[in-house]
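Notes follow once the structure below has been shown.
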Amino acid sequence: MASPFVAGLSCPRCGATFPPEGLHGTCSCGGPLLVDYDLDAVAAVVRRDHLRGRAPTMWRYRELLPVRSSDPVVSLGEGMTPLLPLEGLARRLGMRRLLLKDEGMSPTGTFKARGASCGVTMAASLGVRDLALPTAGNAGAAWAAYGAAAGLRVHIAMPSNTPEVIRLECRLAGADVIEVPGLLPDAAAAIRRGIETAGWFDVGTLREPYRLEGKKTMGFEIAEQLGWRMPDAVIYPAGGGVGIIGIWLAFQQLREIGWVSGEPPRMIVVQPSGCAPIVRAFDQGRLESSPWEGAASVASGLVVPKALGDFLVLRAVRETGGTAVAVEDRAILEAVGLLARTSGILPCPEGAATLAALLVLRDRGVLSGDEEVVLINTGSGLKYLEALRAIGSRPAP
Ligand SMILES: *Cc1c(COP(=O)(O)O)cnc(C)c1O
């Protein structure tokens with residue numbers, strides 16, 4: 001049974017609506033489905049201070065998640081990652097306040113744990129036995145781990161040049177792994193057969209509604225950790241864009257139930273210059289991106305040539321007065337080292353891209369220095385041995 005707080009599902013592309021019960025994939029128009037909550041009902045039964053005694057995991061926001069409160073969840077302790085002030089860097093960049101949400105502390109080392117915890121919980125409760133997804137890597141590792149925790153079979157296809165640690169993680173968690181020469185779309189083609197003929201449930205990015213719900217909790221946490229306030233800007237490294245869509249929705253929901261007030265933060269996305277379809281679409285004033293040819297980057301989680309949710313990312317960025325920037329791989333690798341030296345945090349290349357973007361935006365004056373800015377470090381640098389070696393072999397700046 002669905003949560004009493006879930007009103008239904010809806011397609012942000014065509015407006016079609018669906019009942020809350022049952023197994024859902026994408027809309028018949030091909031669009032992703034969003035979960036709609038009865039926010040008046042949530043506001044009527046929960047107050048912010050009810051959260052105080054709850055465990056420090058993302059499930060503390062359970063009334064704003066799709067699960068009934070009495071149902072068990074598949075959890076490895078995900079969520080409530082630290083929101084750390086970067087004081088030295090802020091001073092150096094002439095900024096009032098700079099913070100980093102460190103998702104490197106998550107189970108499996110990335111924020112993909114949030115989506116997998118919620119997605120696997122829902123799939124298991126709906127009787128699914130076999131999950132399948134194409135992945136740039138970290139989603140595969142997270143779904144493999146949560147699948148193992150729930151006793152579900154997980155089938156993964158990923159590019160053969162995915163960082164080795166991530167490929168090993170998937171196999172060690174017992175997933176059925178296919179390595180595919182090429183990019184994410186090639187991996188998607190390789191897994192399609194199992195989905196169409198063996199009845200595996202497609203849990204690829206935004207192909208089921210619940211991964212997004214898990215990732216949304218980053219927004220709840222940022223607000224709670226700031227004392228129920230929103231920052232002025234959030235900088236996010238976008239691949240499929242699920243995290244930024246989630247944070248944007250989370251702030252909307254918190255405003256609607258009256259837990260925060262004021263203007264939502266400017267949503268800023270960064271992509272590597274070797275795969276920046278959303279940045280290009282933003283610059284060209286388009287509502288949707290077109291597939292990026294010859295995509296490649298050291299930030300492998302961002303090598304998504306065409307995202308199903310691109311139109312939602314662009315909406316989030318434009319509605320909040322944000323922006324989109326592309327940064328070179330060289331700048332990303334430099335930012336890994338800069339963050340490690342100045343803060344002690346070893347970010348993944350994707351997370352370091354947010355710092356590289358911040359340097360560009362301060363330089364151009366797009367960010368004045370008066371704002372309170374949150375960088376999302378989506379994962380731990382420890383998973384990226386190849387990239388760390390490349391950084392370690394360069395002369396120190
Ligand atoms: C998947 C991933 C991203 C991009 O996340 P989306 O939600 O697809 O935009 C960023 N960083 C890391 C480390 C990832 O694994």
Separation between CG of L98 and CG of L89, rounded to the nearest 0.5 Å:
6.5 Å

Keeping T121 on the side-chain end and V74 on the backbone end, is there a donor-acceptor pair under 3.5 Å?
yes

Nearest heavy-atom pair of P305 and A295: which atoms, and what distance?
CG-CB, 4.2 Å

Between E386 (side chain) and E164 (backbone), is there a donor-acceptor pair under 3.5 Å?
yes

I'd like to check the side-chain hydrogen bond (donor to acceptor under 3.5 Å, both in side chains) partners of N138; sequence neighbours left out, ordered by chain and number.
K383, Y384

For residues L9 and H24, report the shortest heavy-atom separation together with the two atoms involved.
CD1-CD2, 2.9 Å

Between E169 and K112, is a salt bridge (charged side-chain N to carboxylate O under 4.0 Å, His left out) present by the stated rule, with each step listed?
CA-CA 13 Å; E169 269 186 290; K112 293 292 197 304; over 6 Å; no

Test side chain to side chain contact (heavy atoms under 4.5 Å, CB included) on V374 and L83; report intermediate values, then the result.
CA-CA 8 Å; V374 173; L83 183 65; 4.0 Å; yes

Quick one: does any side-chain atom of R362 pair with a main-chain N or O of L93 as donor and acceptor, under 3.5 Å?
yes

Any donor-acceptor pair under 3.5 Å linking the side chain of E224 with the backbone of G227?
no

Any sub-3.5 Å donor-acceptor pair from R114's side-chain atoms to E78's backbone N or O?
no

Would the distance check show the side chain of E103 and the main-chain N or O of G379 forming a donor-acceptor pair, the cut-off being under 3.5 Å?
no

Looking only at non-hydrogen atoms, find the nearest pair between S289 and A281 and report the distance.
CA-CB, 3.8 Å

Enter the distance from L212:CG to L33:CG here, rounded to the nearest 0.5 Å.
10.5 Å

When the aromatic ring centroids of Y37 and F5 are compared, is their separation below 6.0 Å?
no

Pair I257, L64 - check side chain to side chain contact (heavy atoms under 4.5 Å, CB included), show working.
CA-CA 10 Å; I257 62 174; L64 292 165; 4.0 Å; yes

Does atom CZ (R48) have a neighbourhood of more than 12 heavy atoms from anything else shown, all under 6.0 Å?
yes

Can you name the closest pair of heavy atoms from G115 and W143 and give their distance?
O-CZ2, 3.8 Å

Can a side-chain donor-acceptor contact be found between T81 and D102 if the only test is distance below 3.5 angstrom?
no

Is R92 atom CZ crowded by more than 12 heavy atoms from other residues, nucleotides or ligands, each under 6.0 Å away?
no

Would you find a donor on one side and an acceptor on the other, under 3.5 Å apart, between the side chain of S393 and the backbone of A390?
yes

What about V128 and W200, same hydrophobic cluster or not, with Ile/Leu/Val/Met/Phe/Trp/Tyr joined at side-chain heavy-atom distances under 4.5 Å?
no

May I ask you to check whether over 12 heavy atoms, not counting those of M105, lie within 6.0 Å of atom CE?
no

Go through the structure and list residues passing side chain to side chain contact (heavy atoms under 4.5 Å, CB included) with A136, not counting sequence neighbours.
none

Are I195 and L131 grouped together when hydrophobic residues (ILVMFWY) are joined by side-chain heavy atoms under 4.5 angstrom apart?
no

For R91, I'd like to know if atom CZ has over 12 heavy atoms of other residues, nucleotides or ligands within 6.0 Å.
no

Does a sphere of radius 6.0 Å around CD in E293 hold more than 12 heavy atoms from other residues, nucleotides or ligands, not counting ones at 6.0 Å or beyond?
no

R13 and L308: which non-hydrogen atoms are nearest, and at how many Å?
NH2-O, 4.0 Å

I need the R60 CZ to L65 CG distance, nearest 0.5 Å.
12.0 Å

Taking everything shown except E328 itself, do over 12 heavy atoms lie less than 6.0 Å from its CD?
no

Does Y210 belong to the same Ile/Leu/Val/Met/Phe/Trp/Tyr cluster as W248, with side-chain heavy atoms less than 4.5 Å apart forming each link?
yes

Under a 3.5 Å cutoff, is there a donor and acceptor pairing between the side chains of R266 and T320?
no

Decide yes or no on side chain to side chain contact (heavy atoms under 4.5 Å, CB included) for I268 and L361, but give the supporting numbers first.
CA-CA 10 Å; I268 299 173; L361 295 171; 3.7 Å; yes

Applying side chain to side chain contact (heavy atoms under 4.5 Å, CB included) to I156 and L133, what does each step give before you reach the verdict?
CA-CA 5 Å; I156 296 169; L133 70 159; 4.0 Å; yes

Donor-acceptor pair, distance only, cut-off 3.5 Å: does the side chain of D283 make one with the backbone of R280?
no

For E372, does its backbone N or O pair with a side-chain atom of D232 as donor and acceptor, under 3.5 Å?
yes

Between K216 and E221, does the salt bridge (charged side-chain N to carboxylate O under 4.0 Å, His left out) criterion hold? Intermediate values first, please.
CA-CA 9 Å; K216 177 180 88 173; E221 287 175 23; over 6 Å; no

Does one hydrophobic cluster hold both V120 and L76, with members joined at side-chain heavy-atom distances below 4.5 Å?
yes

Only counting residues at least two apart or in another chain, list the ones meeting side chain to side chain contact (heavy atoms under 4.5 Å, CB included) with S368.
D370, E371

Would you check if the side chain of R211 reaches a backbone N or O of V203 as a donor-acceptor pair within less than 3.5 Å?
yes

Nearest 0.5 Å please: distance from the CE atom of M267 over to the OH atom of Y236.
11.5 Å

Can you measure from CD1 (I245) to CG (L249) and round to the nearest 0.5 angstrom?
7.5 Å

According to the interplanar angle, ranging from 0 to 90°, do the rings of Y61 and F220 count as parallel (below 30°), tilted (30 to 60°) or perpendicular (above 60°)?
tilted

Just wondering, are more than 12 heavy atoms of other shown residues or ligands nearer than 6.0 Å to CZ in R229?
yes

Same cluster or not: are I235 and I247 linked, directly or through other Ile, Leu, Val, Met, Phe, Trp or Tyr residues, by side-chain heavy atoms under 4.5 angstrom apart?
no

Report the C-alpha separation of D71 and R68 in whole Å, then their side-chain angles, then the decisive distance to 0.1 Å, and conclude whether the salt bridge (charged side-chain N to carboxylate O under 4.0 Å, His left out) test is met.
CA-CA 5 Å; D71 285 352; R68 271 189 316 175; 3.1 Å; yes

Tell me, with the steps shown, if W59 and S117 meet side-chain hydrogen bond (donor to acceptor under 3.5 Å, both in side chains).
CA-CA 9 Å; W59 294 100; S117 178; 3.1 Å; yes

Evaluate salt bridge (charged side-chain N to carboxylate O under 4.0 Å, His left out) for K306 paired with E288, printing each intermediate quantity in order.
CA-CA 9 Å; K306 162 77 182 158; E288 247 185 58; 3.3 Å; yes

Take a 6.0 Å sphere around CZ of R255 and say whether it holds more than 12 heavy atoms from other residues, nucleotides or ligands.
yes

Closest approach of M158 to T135 (non-hydrogen atoms, all atoms of both residues)
CB-O, 3.2 Å

To the nearest 0.5 Å, how far apart are CG in D310 and CD1 in I278?
5.5 Å

